[in-house]
Amino acid sequence: MSASILQVRDLHVEFNGVKAADGVSLDINEGEFLAVIGPNGSGKTTLLNLCTGYVRPKSGSIHLDGRAITGLTPRAITRRGVARAFQIPQLFSDQSVLDNMMLALAAKDGLWTMVRPLAEPARREEATALLDLVGLRDDKNRVSRTLPEGHRKLLDIAVALALKPRLLLLDEPTSGVSTLERFSLMEALMSALRTRNITALFVEHDMDVVARYANRVLVWNAGTVMAQGHPDEVFKDERVLKNVVGVA
Amino acid sequence: MRAILLIVAILAIVAAPMAAPWLQFVLTMAVAKGLAALGVAVLLRAGMISIGHAMFVAASAYGVAFLARAGIADFGLLLVLSVVITGLAGAVVGAFLIRYRAIFFAMLNLAVSMVFYALFAKLYGVTGGTDGMTIPVPTVFGIVLSEPTFKAVLFYGSVALMVVVGLAVHRYLDSPLGHALSAVHTNEVRLEYLGVPVWAVLLVAYVVSAVLAGLGGAIAGFAIGRVVPDFAFWTASGHLVLVAVLGGIGGVPGAFIGAFFLELLHTEAAAFTDAWNLIVGAALIGVIMFLPKGLYGLLTRSEVSAK
Ligand SMILES: Nc1ncnc2c1ncn2[C@@H]1O[C@H](COP(=O)(O)OP(=O)(O)OP(=O)(O)O)[C@@H](O)[C@H]1O
Ligand SMILES: [Mg+2]
């Protein structure tokens, strides 16, 4: 078994009495593609918010490579190699698709130049290559606000990839993406993860996608991990079928 | 096309006082206000409106007056030192204010500027109170100049400074840091999740904007030969916002177009009528309703349709 890069231990958080994380413990192992499934409102997005420092846990700890990151800001955690794509895409909506990408690339390695332009040839090329990968080449010069929802999701994912993370957290990457584009997106994503040695966790509602791509599944329910294991086993579990797959 | 238009405009500015000498002062003041308005426009990129930037205009002009009183006579040195002082003031004030957004940012800038105003006005023994302080004619490269000669030097120097500083600010806005500044306006959450320290992006912008206002203030001080507390009064800050919005914040030339337009309009209108505010108000309404990108938007629009 490979080394765990993220260790979550006994996290608790609640919002107005709703326990969004109720004693959660989990590990993400190097190189795996871990799916998180669970009914609406069960706390999946909250888990990502906790792991990236957007929400602080009431108690519990999170370690990245054995070092505590509990209580750090999203910025500090990002700097340690964790990138995130959001359930609702978080883009610079007044800027072009290409500028969104180039800003992400610059944030990774060259924000502090006031002299050289954002659109340096090398950066432009790298950005275009990433847009190619997720299938947004034709949208390159569009203002990102004008993109259809599915393409906004794709751009959000490409932006996260631009940060060259070690760990990528994806919140429902295929929601809003048409069924037609869904599997080509997943194929592109899988190959990007493999060639770049990126470990990933993804929240997903589409069970076909989960069954086909995940190495391991965490089943989430009411703020806790209800079951986990290989997709084949998990999807045989009666409780999972009743509580999650039927509902999701 | 746009570059050619800008070059022609600059040449016209340079040549104008030869035809009409009274224009020299008006145009020097337009450059000064354009620089200060450009400072306001830089912050507007991040969606942050400062109704207090006249405090940096005043700080710099008072800086020149104090330094001159202390015995520094060289034009270049006075300019550089006063701008450095303003940059430091910008760093201190900015460190407190960049945490705030929207109306809170606008109002806190206003509040701090009123403190500056009150200090300049009340510390009679130091600042001369509402009488202000005189700014003597400085030496240029060690040469003692007559007042008219210095005013001519100041005018051409200001125009040169406008070009150089304008190009530098253009570069800044086109750099990753400048784009990050615009991104503050649209999505701070994403910026944090790119690992970008938003506070640092804003602090750099705030210092840049203060330095620009300071440059404008020093030039205005030299041109008028005196600095008074009214330099920092809130209506002066409001005027800078007006200039920036009128000219358009889409590009660096906008602030200068706004400033030249208003200064010339003011001089012309004041000669015929006292309805100056009415005219400016009407012009602003027209621009906001029909030219959301300001007067500069007219230029960029023709550029696009020409393609
Ligand atoms: N910042 C917050 N403030 C208040 N309540 C919150 C906050 N974040 C999450 N919640 C609540 O916590 C619970 C879990 O929400 P969360 O968004 O994590 O669920 P989810 O599993 O991602 O759901 P979905 O499948 O709809 O995306 C919900 O009841 C939600 O209303
Ligand atoms: Mg969610």
Side-chain angles (χ1 to χ4, degrees), chain A residues 48-49 51-54 72-86 88-96 98-120 123 143-145 152 155-156 159-165 168-169 171, chain B residues 38-39 42 44-48 87 98-99 164-209 211-212 248-252 292-293 297 300 304 307:
Chain A
L48 301 199
N49 284 340
C51 290
T52 55
Y54 194 73
L72 294 187
T73 61
R75 167 163 41 101
I77 294 173
T78 304
R79 289 248 154 237
R80 285 168 197 231
V82 180
R84 173 177 186 185
F86 294 79
I88 299 161
Q90 297 295 322
L91 305 172
F92 304 123
S93 50
D94 290 343
Q95 307 197 13
S96 73
L98 193 60
D99 281 354
N100 269 269
M101 287 306 299
M102 291 193 296
L103 200 47
L105 290 168
K108 176 72 184 166
D109 51 34
L111 189 69
W112 296 104
T113 148
M114 288 172 72
V115 194
R116 304 203 349 239
L118 177 69
E120 280 188 298
R123 189 180 289 131
V143 176
S144 65
R145 180 175 0 100
R152 291 168 58 79
L155 179 55
D156 199 48
V159 162
L161 280 173
L163 296 174
K164 307 178 182 73
L168 179 60
L169 307 173
D171 204 345
Chain B
L38 182 57
V42 164
L44 278 171
R45 291 243 158 180
M48 297 168 69
I98 55 168
R99 284 173 234 172
V164 173
V165 170
L167 287 172
V169 172
H170 178 77
R171 280 232 147 173
Y172 161 51
L173 293 177
D174 198 35
S175 77
L177 212 51
H179 282 267
L181 183 62
S182 311
V184 172
H185 191 24
T186 40
N187 201 332
E188 279 191 52
V189 172
R190 181 38 105 184
L191 270 182
E192 284 282 329
Y193 272 99
L194 292 180
V196 172
V198 171
W199 69 267
V201 172
L202 287 178
L203 189 57
V204 169
Y206 199 90
V207 171
V208 167
S209 77
V211 162
L212 287 167
I249 61 165
V252 169
K293 290 184 170 175
T300 40
V304 171
K307 264 183 198 163

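All heavy atoms count here, side chains included; hydrogens, waters and symmetry mates do not.
- Between the CG atom in Leu169(A) and the OH atom in Tyr193(B) there is a gap of 8.5 Å [rounded to 0.5 Å].
- With a threshold of 4.5 angstrom between heavy atoms, Val208(B) approaches chain A through side-chain atoms but not through N, CA, C or O.
- Closest non-hydrogen pair, Ser182(B) versus Gln95(A), comes out as CB-NE2, 3.5 Å.
- Within 6.0 Å of the CZ atom in Arg145(A), the count of heavy atoms belonging to other residues, nucleotides or ligands exceeds 12.
- Note: Arg45(B) CZ to Asp94(A) CG = 11.5 Å, rounded to the nearest 0.5 Å.
- Nearest heavy-atom pair, Trp112(A) versus Val201(B), reported as atom, atom and distance to 0.1 Å: CH2-N, 4.3 Å.
- Annotation: the span from Thr186(B) atom OG1 to Gln90(A) atom CD amounts to 10.5 Å, rounded to 0.5 Å.
- With a threshold of 4.5 angstrom between heavy atoms, Ala200(B) approaches chain A through its backbone and through its side chain.
- The distance from atom CG of Leu173(B) to atom CG of Leu118(A), rounded to the nearest 0.5 Å, is 12.0 Å.
- At a 4.5 Å heavy-atom cutoff, the contact between Arg84(A) and chain B is made by backbone and side-chain atoms alike.
- With a 4.5 angstrom heavy-atom cutoff, Ile77(A) does not touch chain B via any of its atoms.
- Ranked by non-hydrogen atom pairs under 4.5 Å with chain A, the options Arg171(B), His179(B), Arg190(B) are led by Arg190(B).
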Quiz prompt | side-chain contact (heavy atoms from CB on, under 4.5 Å) between Tyr54(A) and Val189(B), worked out | solution = CA-CA 9 Å; Tyr54(A) 194 73; Val189(B) 172; 4.2 Å; yes
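- Shortest non-hydrogen contact noted between Gly195(B) and Thr78(A) is N-CG2, 3.6 Å.
- Heavy atoms closer than 4.5 Å to chain B are found in the side chain of Asp99(A), but not in its backbone.
- Contact count against chain A (heavy-atom pairs under 4.5 Å) is highest for Asn187(B) among Asn187(B), Val198(B), Asp174(B).
- Across Leu103(A) and Pro176(B), no two heavy atoms sit closer than the pair CD1-O, 3.7 Å.
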